[in-house]
*Asks:* 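Mind looking over this structure? Questions follow.
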Amino acid sequence: MSLQLIMLALGIVLVIEGIGPLLFPNRWKAYLKEISNQNQQLLQRLGGGLVTAGIVLLIIFS
C-alpha cells in the first residue's frame, strides 16, 4: 500500500466526516451532546466495531 493511497483514503474520510458539521451544525451539536451522555462501554464497543469493519474493508480491497 503506497503513501499516496493512504493519503487519498484519509482525504476521503475527512471530506465525509466534515459534511455533517458543514451542512447541519445544529443537529451535529445535538448529536455530540447525545453521544457524550452514553455509557463508556457502549462507546468502546461501537469504536471497536468501526475499527474492525475498517480493517476488514482494508483487507478485502487491498
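Nothing here was measured: the structure is a model prediction, and the numbers come from that model.
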*Asks:* So which pairs with a foot in residues 29-62 pass ring-ring contact (aromatic ring centres under 6.0 Å, His included), sequence neighbours left out?
*Replies:* Trp28-Tyr31

*Asks:* When clusters are formed by joining ILVMFWY residues with side-chain heavy atoms under 4.5 Å apart, either directly or through shared neighbours, do Ile16 and Leu8 land in the same one?
*Replies:* yes

*Asks:* Tell me if the CD atom of Gln44 is crowded by more than 12 foreign heavy atoms within 6.0 Å.
*Replies:*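 Counting other residues, nucleotides and ligands, CD of Gln44 exceeds 12 neighbours.
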
*Asks:* Which heavy-atom pair separates Pro25 from Leu22 by the least distance, and what is that distance?
*Replies:* CD-O, 4.1 Å

*Asks:* Report the residues that fulfil side-chain contact (heavy atoms from CB on, under 4.5 Å) with Ile55, sequence neighbours left out, ordered by chain and then residue number.
*Replies:* Val51, Ile59

*Asks:* To the nearest 0.5 Å, tell me how far Leu14 CG sits from Met7 CE.
*Replies:* 9.5 Å

*Asks:* Are Leu5 and Val15 co-members of a hydrophobic cluster defined by side-chain heavy atoms under 4.5 Å apart?
*Replies:*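 No, separate clusters.
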
*Asks:* Which heavy atom of Leu42 sits nearest to which heavy atom of Gln38, and what is that distance?
*Replies:* CD2-OE1, 3.4 Å

*Asks:* What's the separation between atom CD1 in Ile12 and atom CD in Glu17, rounded to the nearest 0.5 Å?
*Replies:* 13.0 Å

*Asks:* Measure the spacing between CG of Asn37 and CG of Leu32 and express it to the nearest 0.5 Å.
*Replies:*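 With rounding to 0.5 Å, CG (Asn37) is 11.0 Å from CG (Leu32).
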
*Asks:* Please list, chain by chain and in numerical order, all residues satisfying side-chain contact (heavy atoms from CB on, under 4.5 Å) with Phe24, sequence neighbours excluded.
*Replies:*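 With sequence neighbours excluded, Phe24 shows a side-chain contact (heavy atoms from CB on, under 4.5 Å) to Arg27, given in chain and number order.
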
*Asks:* When rounded to the nearest 0.5 angstrom, what is the spacing between CG in Leu3 and CG in Leu10?
*Replies:*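 If we round to the nearest 0.5 Å, Leu3:CG and Leu10:CG are 10.0 Å apart.
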
